[in-house]
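Okay, structure first, notes after.
So you know, we letter chains A, B, ... as the sequences are listed, proteins then strands, and number each from 1.
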Protein chains: 2
Amino acid sequence: MGEPDGARTGDAGACHEPAAVRGREILARIGDKWSLEVIALLGDRPHRFSELRRGIDGISQRMLTVTLRGLERDGIVDRTVTPVTPPRVDYALTDLGRTLLCNVVSLFGWVEDHLGEIDKARLEFDLRDAEARALREA
Amino acid sequence: MGEPDGARTGDAGACHEPAAVRGREILARIGDKWSLEVIALLGDRPHRFSELRRGIDGISQRMLTVTLRGLERDGIVDRTVTPVTPPRVDYALTDLGRTLLCNVVSLFGWVEDHLGEIDKARLEFDLRDAEARALREA
DNA sequence: CAGAATCCCTCAAGATACTG
DNA sequence: CAGTATCTTGAGGGATTCTG
């Protein structure tokens with residue numbers, strides 16, 4: 001940590017990148033391993049840190065913290081500290097976060113609607129692939 | 001290579017995973033570094049391999065191949081080989097790919113509409129963060 | 001309870017070289 | 001031209017430890 005340099009996650013002052021890049025950046029955030037589950041839970045109601053931890057199977061406290069920080073930084077979630085002992089921290093979706101959730105939900109709708117096709121495509125691909133592979137070794 | 005086992009990219013026969021996991025899986029695919037740009041280009045019109053390579057700045061031929069294979073496996077893009085010398089391979093969106101493109105476009109719309117808010121949130125976050133950091137060292 | 005700091009390891013991206 | 005086969009590197013993520 002020698003240099004408390006500006007750049008945070010590698011996107012520094014990326015404010016003037018082409019829209020496609022910014023778009024991918026956002027998609028990458030919500031497409032990462034945990035963000036979506038956090039957003040989904042918070043879409044229901046606000047949660048405390050430990051509630052999220054229990055609610056998301058397999059997440060480490062480190063990754064929960066990292067994920068929440070990223071979402072907070074992007075203005076997707078709101079963090080409220082209540083200075084009591086032991087400390088209490090609540091997380092909730094911001095207005096921005098809620099509008100994002102809407103889009104994500106509709107994308108999920110697409111996924112549900114087409115899961116069958118996707119699985120079918122994979123099966124066929126893997127089959128063709130296995131055939132080709134078998135031929136090469138013959 | 002030793003075991004030509006079933007599993008391909010680590011999702012094996014993931015057909016019965018919870019919807020949330022499948023959704024994240026798809027988001028992760030389209031949120032990866034190159035898929036979106038490929039889909040965007042193909043949304044315009046079919047492209048040859050080398051056209052895509054030239055059209056996507058900074059992609060290596062390996063990553064283009066890997067990306068295309070993933071999209072093909074999921075039934076998003078269609079691969080057509082014309083057996084001539086030198087070989088000619090064309091890629092195009094499938095019907096499934098086109099419906100996905102629609103959703104992606106609307107998600108991009110959201111990003112464009114809220115880029116300002118996101119950037120503002122980041123600026124404020126980084127500022128608060130820097131303040132807190134400065135205080136700790138005092 | 002909620003997190004910060006640290007270490008470590010895996011896996012995917014990238015560069016490079018070779019081939020049908 | 002359109003790939004495949006290796007190798008190296010680096011970021012993402014897990015386990016553990018320490019603290020206000």
Side-chain angles (χ1 to χ4, degrees), chain A residues 1-2 4 7-12 24-25 28-38 46-73 77-91 129 132-133 135-137, chain B residues 1-2 4 7-12 24-25 28-29 31-38 46-73 77 79-91 129 132-133 135-137:
Chain A
M1 285 178 273
R8 187 139 239 56
T9 32
D11 52 4
R24 211 183 42 67
E25 180 196 323
R29 163 157 313 298
I30 66 176
D32 76 8
K33 199 171 181 182
W34 303 110
S35 291
L36 267 184
E37 292 180 69
V38 170
H47 284 69
R48 299 186 55 174
F49 185 89
S50 47
E51 283 182 308
L52 290 171
R53 184 143 163 54
R54 278 190 301 271
I56 300 174
D57 192 65
I59 197 171
S60 65
Q61 113 279 43
R62 180 185 183 277
M63 286 318 296
L64 181 54
T65 300
V66 169
T67 301
L68 285 168
R69 283 290 175 282
L71 293 171
E72 189 197 354
R73 184 166 113 93
V77 311
D78 187 44
R79 178 169 176 269
T80 309
V81 181
T82 310
V84 294
T85 43
R88 175 194 179 99
V89 182
D90 290 272
Y91 292 90
D129 193 61
R133 192 172 296 259
L135 267 160
R136 315 206 78 233
E137 299 188 1
Chain B
M1 293 139 262
R8 186 138 243 50
T9 34
D11 52 5
R24 209 182 45 66
E25 178 195 324
R29 164 156 314 295
D32 77 9
K33 200 172 183 186
W34 305 110
S35 292
L36 270 184
E37 293 179 68
V38 171
H47 284 68
R48 297 185 55 172
F49 186 89
S50 47
E51 283 183 308
L52 290 171
R53 184 142 164 53
R54 279 191 300 271
I56 301 174
D57 192 64
I59 197 171
S60 64
Q61 109 281 41
R62 180 184 182 278
M63 287 317 296
L64 180 54
T65 300
V66 170
T67 301
L68 285 168
R69 285 288 176 285
L71 293 172
E72 189 196 354
R73 183 166 113 94
V77 311
R79 179 169 177 269
T80 307
V81 182
T82 309
V84 293
T85 42
R88 176 195 178 98
V89 181
D90 290 272
Y91 291 90
D129 192 61
R133 192 171 297 256
L135 266 160
R136 316 206 79 232
E137 298 189 1

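Atom OG1 in B:T67 sits 8.0 Å away from atom CH2 in B:W34 (nearest 0.5 Å). Note that the CZ atom of B:R54 and the CG atom of B:L64 stand 11.5 Å from one another [nearest 0.5 Å]. Here the CG-CG distance, from B:L71 to B:L36, works out to 9.5 Å after rounding to the nearest 0.5 Å. In this structure, CD in B:E51 is found 12.5 Å from OH in B:Y91, a value given to the nearest 0.5 Å. In this structure, B:I56 CD1 and B:M63 CE are separated by 11.0 Å, a value rounded to the nearest 0.5 Å. The distance from atom CG of A:D32 to atom CD of A:E37, rounded to the nearest 0.5 Å, is 10.0 Å.
Under the salt bridge (Lys or Arg N to Asp or Glu O under 4.0 Å) criterion, A:R79 pairs with no residue, sequence neighbours left out.
Using five terminal pairs a side, the axes of the helix from C:dC1-D:dG20 to C:dG20-D:dC1 at its two ends make an angle of 50°, given in steps of 10 degrees.
Side-chain nitrogen and oxygen atoms of A:R79 include none within less than 4.0 Å of the OP1 or OP2 phosphate oxygen of C:dA2. The phosphate of D:dG14 (OP1 or OP2) has a side-chain N or O of A:K33 nearer than 4.0 angstrom. Taking side-chain N and O atoms only, B:W34 has no distance below 4.0 Å to OP1 or OP2 of C:dA12. Side-chain nitrogen and oxygen atoms of A:Y91 include at least one within less than 4.0 Å of the OP1 or OP2 phosphate oxygen of C:dG3.
For A:R88 and C:dC1, the CZ to C1' distance is 11 Å, given to the nearest whole Å. Between A:L52 atom CG and C:dC1 atom P the separation is 14 Å, expressed in whole Å. Spacing between atom CZ of A:R69 and atom P of D:dG12 amounts to 17 Å, rounded to whole angstrom units. Atom CG of A:D90 is separated from atom P of C:dC1 by 14 Å (rounded to the nearest Å). For the pair A:R29 CZ and D:dA11 C1', the interatomic distance rounds to 14 Å; values are reported in whole Å. Between the CZ atom of A:R133 and the C1' atom of D:dA5 there is a distance of 13 Å, given to the nearest Å. Rounded to an integer number of Å, the gap from A:L135 CG to C:dG20 P is 16 Å. Protein atom CD of B:E72 is 13 Å distant from nucleotide atom C1' of D:dG3, rounded to whole Å.
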- Task: Kindly determine whether A:L68 and A:F49 satisfy side chain to side chain contact (heavy atoms under 4.5 Å, CB included), including the steps that lead there.
- Result: CA-CA 9 Å; A:L68 285 168; A:F49 185 89; 3.9 Å; yes
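DNA chain C lies under 4.0 Å from at least one heavy atom of each of the following residues of residues 53-63 of chain A: A:Q61, A:R62.
Judged by distance alone, the side chain of A:R24 and the main-chain N or O of B:K33 form a donor-acceptor pair under 3.5 Å.
In terms of position on DNA chain C, the residue among B:P87 and A:P87 whose nearest nucleotide sits closer to the 5' end is A:P87.
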